[in-house]
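Because only heavy atoms are used, hydrogens play no part in the values below, and waters and symmetry mates are left out as well, while side chains stay in.
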Amino acid sequence: MTKLTRRKVLMGVLLGGVTATTIHEFFRLRTLGKEQTLLTETLLRSPTYTQRSLDAALNADKVATANVESIQNSVNLLPPTVPYSRSISKPLIQGSRLGTEQYFYGKYQQGYDGSIKSLPSYTDRLNPYTQVASIIGPDESEISENIDVPDSTPTVLPFSDPLRVQLDNIERVVKRVAGQSVSIKWKIPVYWGFVLSSPQANMIIFRGTQQTNEWLQNLLAVQVEPTVDRYPFDFEGKVHRGFANLYAEVADQVIVAAQQLNPAIPCYVSGHSLGASLATLAALDIANRVPALKNQVQLYTYASPRVGDPTFASAHSQLVPNSYRVVNLGDAIPLVPLNSIQELVYVHLGQEWAFLTQKQDFGTNHLVSNYQQAVEGEFEMNSDRPYPISATQ
């Protein structure tokens with residue numbers, strides 16, 4: 001007779017229990033499946049259920065349209081107290097382009113100090129303005145890039161120093177790694193924009209999305225309540241968590257810069273794409289935390305996604321009524337996040353000025369260059385479009 005140890009008895013009891021549980025769960029699921037099949041067949045034989053389901057499916061578009069209209073009607077936006085200015089919009093969209101170039105120069109040009117005067121898109125139009133600050137991310141990002149080194153050694157590689165004193169050392173290194181792939185790593189300051197000042201106006205301009213983590217933040221449609229979620233700013237309503245997280249990284253810099261600006265002249269806050277979302281939050285933050293500038297803040301956004309819920313939009317309109325939203329009707333980015341995502345609600349704010357540029361692609365329709373061309377050509381309008389529009393029946 002086999003001797004049973006305490007361990008064998010315990011293992012036997014355990015295995016027996018697991019087997020019994022597994023068998024019970026198998027029969028429970030099989031029974032549930034049969035019940036669900038029976039219920040489905042019963043409902044499909046019901047004329048009332050079938051007709052109700054067909055009506056709901058066929059009228060889904062009407063229900064969705066009515067839901068969007070209901071959301072839009074719940075927003076109480078004040079009209080601007082001053083008209084949209086093309087003479088201001090042109091340097092602002094130019095600034096959005098310069099913000100992108102500022103980021104890339106910071107990424108690839110060692111020693112770059114953030115000055116916009118050295119950038120390709122800078123023109124004499126901005127000569128009256130002095131750059132009083134750059135908006136920089138709190139941490140440097142590490143960039144890596146792989147470069148294939150050819151077997152034949154060129155006189156000067158793309159990453160080499162042109163000074164003769166360095167060439168000998170570089171050539172020796174190249175010969176050792178010829179035919180291989182070299183990984184180059186360096187750290188860069190993350191530029192988010194800049195602040196300009198002149199005797200006539202102040203400008204705070206944010207760039208659009210450039211890095212992968214920034215796109216990931218864009219996709220986070222979860223909302224937060226700054227008044228209760230420990231953010232350095234205090235807004236009514238709920239806002240996009242990704243936008244709130246990114247603005248929180250530079251909010252203190254923005255406020256410090258704003259406090260140094262002349263409160264007797266207009267302060268224009270602007271940006272393209274993600275920069276438009278940050279500008280939306282910054283304009284309200286400045287109006288809240290820099291009382292001297294409250295009545296001077298004006299918001300100009302380009303290709304802005306939706307930022308917050310109706311409560312946020314209405315509160316924003318009360319503090320920053322002079323808000324203008326320039327949008328390409330062929331651009332998909334202003335249509336996100338959706339008006340309604342389960343229990344989340346997003347709406348636009350600001351007076352709309354629209355144009356239509358169709359480049360046959362999601363990405364190219366969104367480019368800042370398209371917006372700049374439209375604004376420079378004065379194609380944006382706040383009136384009925386001169387092309388056919390289908391009316392909702």
Side-chain angles (χ1 to χ4, degrees), residues 67-78 135 137-139 192-193 204 206 208-209 213-259 267 269-271 273-291 293-294 297-299 301 303-325 333-351:
N67 183 46
V68 170
E69 290 178 351
S70 175
I71 292 172
Q72 297 293 345
N73 292 335
S74 70
V75 185
N76 181 27
L77 300 182
L78 293 179
I135 302 171
D139 299 312
W192 280 98
I204 301 175
F206 296 87
T209 305
N213 68 305
E214 296 165 11
W215 279 111
L216 292 176
Q217 293 282 19
N218 290 356
L219 296 174
L220 296 176
V222 178
Q223 290 178 331
V224 294
E225 294 183 79
T227 55
V228 298
D229 289 327
R230 297 184 179 180
Y231 282 87
F233 38 81
D234 185 10
F235 302 153
E236 290 186 41
K238 298 178 181 179
V239 298
H240 187 287
R241 185 175 72 184
F243 301 153
N245 289 345
L246 288 174
Y247 179 67
E249 294 184 353
V250 297
D252 289 343
Q253 289 183 63
V254 172
I255 295 304
V256 168
Q259 289 170 338
C267 178
V269 186
S270 184
S273 188
L274 172 60
S277 304
L278 301 182
T280 299
L281 299 179
L284 185 57
D285 196 22
I286 293 169
N288 271 326
R289 292 205 276 169
V290 189
L293 286 176
K294 177 181 176 181
V297 175
Q298 297 186 38
L299 175 64
T301 64
S304 179
R306 299 181 179 104
V307 177
D309 68 359
T311 301
F312 168 77
S314 298
H316 195 290
S317 177
Q318 297 292 321
L319 281 175
V320 190
N322 296 313
S323 176
Y324 315 92
R325 183 171 60 89
I333 296 301
L335 301 179
V336 297
L338 300 179
N339 273 126
S340 179
I341 308 175
Q342 296 180 349
E343 75 280 3
L344 305 181
V345 177
Y346 285 94
V347 295
H348 275 303
L349 56 88
Q351 185 183 77

Under the side chain to side chain contact (heavy atoms under 4.5 Å, CB included) test, residues paired with Pro334 that sit two or more places apart: Val327, Asp331, His348, Tyr371
Closest contact, heavy atoms only, Gly271 versus Ala279: N-CB, 4.0 Å
Residues passing the side-chain hydrogen bond (donor to acceptor under 3.5 Å, both in side chains) test with Gln351, sequence neighbours excluded, are Trp353
Taking all atoms of both residues into account, what is the closest heavy-atom pair of Phe312 and Val239, and its distance? CD1-CG1, 3.4 Å
Which residues satisfy the side-chain hydrogen bond (donor to acceptor under 3.5 Å, both in side chains) test with Asp285, sequence neighbours excluded? Tyr247, Arg289
Is there a side-chain contact between Leu278 and Val254, using heavy atoms and a 4.5 Å cut-off? no
CG/Leu349 to CZ/Arg306 distance, rounded to the nearest 0.5 angstrom? 11.5 Å
CG on Asn322 to CG on Leu78, rounded to 0.5 Å: 10.0 Å
So do the side chains of Val269 and Val320 get within less than 4.5 Å of each other, counting heavy atoms only? no
Which distance, rounded to the nearest 0.5 Å, do you find between the CZ of Phe243 and the CG of Leu274? 6.5 Å
Would a distance-only check, ignoring hydrogens and angles, find a side-chain to backbone donor-acceptor pair under 3.5 Å from Gln298 to Tyr324? no
Rounded to the nearest 0.5 Å, the CG atom of Asp309 sits from the NE2 atom of His240 at a distance of 13.0 Å
Heavy atoms, side chains only, cut-off 4.5 Å: are Gln318 and Asn76 in contact? yes
Contact check, side chains of Thr280 and Phe206, non-hydrogen atoms, under 4.5 Å: no
Return the minimal non-hydrogen interatomic distance between Trp192 and Gly137, and the atom names on each side. CD1-N, 3.6 Å
Check whether any side-chain heavy atom of Asn288 sits under 4.5 Å from a side-chain heavy atom of Leu319, and report yes or no. yes
Interatomic distance, Gln259 atom CD to Leu293 atom CG [nearest 0.5 angstrom]: 9.0 Å
Looking only at heavy atoms, which two atoms of Val290 and Ala258 are closest? And how far apart? CG2-CB, 4.1 Å
Can you tell if the side chain of Phe233 reaches within under 4.5 Å of the side chain of Ile255, non-hydrogen atoms only? no
If you look at every heavy atom in Pro305 and Ser277, which pair is closest and at what distance? CD-OG, 3.3 Å
Are Leu344 and Pro337 side-chain neighbours, meaning at least one heavy-atom pair lies under 4.5 Å? no
Beyond-backbone contact of His316 with Phe235, side-chain heavy atoms, under 4.5 angstrom: no
Please round to the nearest 0.5 Å and tell me the distance separating atom CG of Leu299 and atom CG of Leu284. 10.0 Å
